[in-house]
Amino acid sequence: MLKGKHIILGITGSIAAYKSAVLCRLLVSAGAEVKVVMTPLAKQFITPLTMATLSKNPILVDFFNPENGEWNSHVSLGEWADCYLIAPATANTMAKMASGVADNLLLTTYLSARCKVAIAPAMDLDMYRHASTQRNMTQLRADGVHIIEPQSGELASGLVGKGRMAEPQDIVREVEAMFDEKKKSLQGKHFLVTAGATIEPIDPVRFISNHSSGKMGYAVAEALAQRGAKVSLVSGRTALGVPVGVERIDVLSAEQMYEACCRLWAEVDGAIMCAAVADYTPAVVADQKIKKGEDDMSIALKRTHDIAATLGENKGSRLLVGFAMETENEMANAESKLQRKNMDFIVLNSLRQEGAGFRGDTNVVSLIDSESRVDLPLMSKREVADRIVDKMESVLVEKN
Ligand code: PMT
């Protein structure tokens, strides 16, 4: 996708600039020609020599070369580029971009660029969530800048939260997607995806849960986002990072997942219910740790809401895709869920199939609707996600 593409890599003064070296290398390996523009402060974080070596081009920092007066033309740079990627983009640079300040070569190049522009913000969590940063991001989006969402995690300050620059491979994937127009087939659509396991507390120490890692649901969320859809991922407990371009809403219990999904249902064009949701939850949650006694004990359980069935009751023209995790009578159980929950199609996976189901990176699924069944071979969860999204696209076409 990036072969022969001209990419300007803009680097600003952030500790995340160390990742720009890997990013540059990945872009060059993907066949792109890369020219690097740095702000003066960026040179304090990564050396021009490193970036010149990796990009195979001299680094541009100043408006002219003080040695010989040679002019670094931001206008011709802007004309040369197919994409201007600023990674990392600091809060300061984003503010200047949003208001048209042009006090360094990186910014004048931005104002001259006629190409696609993407930025990968990097900053501390409080700076990121500050109203002025959020306002600048809104402005930049309105100006057509593609924002590669920062990730949550440990930040250079030692604090934990959102603000860490996206990983280089994820940034490359987003840049590739920007060039792949046909993959933007779901632009303008908004989907709800559920993923992971719910946690039903018994007491402050113990809970009931299941083996879902979230991998299948996260793969679906990523596949949808890569085709341009807005994705709200309602996620139970997982150890996974948020896929690029996806908004994650963290929940723990089935009740919390139910509330989040019902809230979002009014806004979305459809939902893909991949989470393994508890069907029962303790009727009473003990305030204190339950002490063991001599006798056996039992815990009274009550039913949780069936989230998919609730959405299905009020489906309208929306798309509803479910999963069925079975251990016996697979087809019959899946077909019954398809009908009972008013789904457009259901994705059946069985624990009897090797390579299918919980935790692994692969799955073996059948896509079942009221008229047909397609059995897919063993493939990665990411490939399965693409096949699910392909089918969603055909159903959407039929619905319109
Ligand atoms: O997360 P991984 O480790 O990658 O594993 C993936 C997976 C096995 C969890 C996934 O592929 C899968 O099968 N998810 C659905 C698991 C499940 O709970 O299936 P079910 O047959 O019990 O439920 C049927 C459908 O109703 C599902 O879409 C489920 O999300 C939904 N449901 C179930 C119960 C409930 N209370 N509310 C629901 O919405």
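Just so you know, ligand 1 is whichever comes first in the structure, and atom 1 is the first atom listed for that ligand.
For atom 25 (C) of ligand 1, the closest non-hydrogen atom on the protein side is F323 O, 3.0 Å. For atom 32 (N) of ligand 1, the closest non-hydrogen atom on the protein side is K341 NZ, 3.9 Å. The single protein non-hydrogen atom nearest to atom 39 (O) of ligand 1 is A308 N, 2.8 Å, given as residue, atom name and distance. Counting only heavy atoms of the protein, atom 8 (C) of ligand 1 lies nearest to M325 CE, 3.4 Å. For atom 2 (P) of ligand 1, the closest heavy atom belonging to the protein is S213 OG, 3.4 Å. Closest to atom 13 (O) of ligand 1, if we only count protein heavy atoms, is N349 ND2, 2.9 Å.
Donor-acceptor pairing under 3.5 Å is recorded for the side chains of D369 and S372. Side-chain contact of E383 with S380: a donor-acceptor pair under 3.5 Å is present, judged by distance alone. A side-chain donor from one of T50 and T47 sits under 3.5 Å from a side-chain acceptor of the other.
A salt bridge is absent between K391 and E398; no separation between the charged side-chain nitrogens and carboxylate oxygens falls under 4.0 Å. Ion pairing of D103 with K96 is present here, as a side-chain N (NZ or NE/NH1/NH2) and a carboxylate O approach within less than 4.0 Å. A salt bridge between K162 and E149 is present, with a side-chain N of the basic residue lying under 4.0 Å from a carboxylate O of the acidic one.
Counting atoms of ligand 1 from 1 in the listed order, those under 4.0 Å from a heavy atom of V277 are 18 (O), 34 (C), 35 (C), 36 (N), 37 (N), 38 (C). Atoms of ligand 1 lying under 4.0 Å from at least one heavy atom of K215, given by number and element, are 1 (O), 2 (P), 4 (O). Every atom of ligand 1 is numbered from 1 in the order shown, and the set under 4.0 Å from a heavy atom of R359 is 2 (P), 3 (O). In the vicinity of G214, heavy-atom distances shorter than 4.0 Å reach the ligand 1 atoms 1 (O), 2 (P), 3 (O). Heavy-atom proximity to K337, at under 4.0 Å, picks out these atoms of ligand 1: 20 (P), 21 (O), 24 (C). Residue G322 approaches ligand 1 through these ligand atoms, each under 4.0 Å from one of its heavy atoms: 28 (O). When each atom of ligand 1 is checked for a heavy atom of A278 under 4.0 Å away, the hits are 36 (N). Using a 4.0 Å cut-off to heavy atoms of D279, the atoms of ligand 1 that qualify are 34 (C), 35 (C), 36 (N).
Closest heavy-atom approach to atom 18 (O) of ligand 1 among the candidates A276, G312, A197: A276. Atom 36 (N) of ligand 1 has its nearest heavy-atom neighbour, among R340, H211, H305, M273, in H305. With atom 9 (C) of ligand 1 as the reference point, the heavy atom nearest to it among A334, S212, A195 is part of S212.
Any N or O atom pair closer than 3.5 Å counts here, and M216 shares at least one such pair with ligand 1. Polar contact check, G360 against ligand 1: no nitrogen or oxygen pair lies under 3.5 Å apart. For a threshold of 3.5 Å applied to N or O pairs, the pair formed by G196 and ligand 1 contains no separation below that value. Below 3.5 Å of separation, one finds an N or O of I307 facing an N or O of ligand 1. When only interatomic distances are considered, the shortest N/O to N/O separation between A275 and ligand 1 falls below 3.5 Å.
You'll find the side chain of M38 stays beyond 4.5 Å of the side chain of L60, heavy atoms only. Contact annotation: the side chain of H146 approaches that of M178 to within less than 4.5 Å [non-hydrogen atoms, C-beta and beyond]. Residues K19 and R164 are in side-chain contact: their nearest non-hydrogen atoms beyond the backbone lie under 4.5 Å apart. Using a 4.5 Å heavy-atom cutoff, the side chains of L41 and Q44 are in contact. In this structure, I272 and F191 have side chains that are in contact, with non-hydrogen atoms separated by less than 4.5 Å. Contact of the R206 side chain with the K289 side chain is registered, since non-hydrogen atoms from C-beta on lie closer than 4.5 Å.
With V277 as the fixed residue, the side chain to side chain contact (heavy atoms under 4.5 Å, CB included) test singles out one of T194, T198, N210: T198.
With a 4.0 Å heavy-atom cut-off, ligand 1 is reached by the side chain of T304 but not by its N, CA, C or O. At a heavy-atom cutoff of 4.0 Å, ligand 1 is contacted by no atom of I346, backbone or side chain.
Distances from ligand 1 to the non-hydrogen atoms of K381 include at least one value under 4.0 Å. The closest approach between a heavy atom of C274 and any atom of ligand 1 is below 4.0 Å.
Other residues sharing the hydrophobic cluster of L378, ordered by chain and number and joined by side-chain separations under 4.5 Å: V364.
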*Please report the C-alpha distance between R352 and E326 in whole Å, then the side-chain angles of each, then the deciding distance to 0.1 Å, and finally whether the salt bridge (Lys or Arg N to Asp or Glu O under 4.0 Å) criterion is met.*
CA-CA 8 Å; R352 290 203 289 185; E326 304 298 340; over 6 Å; no
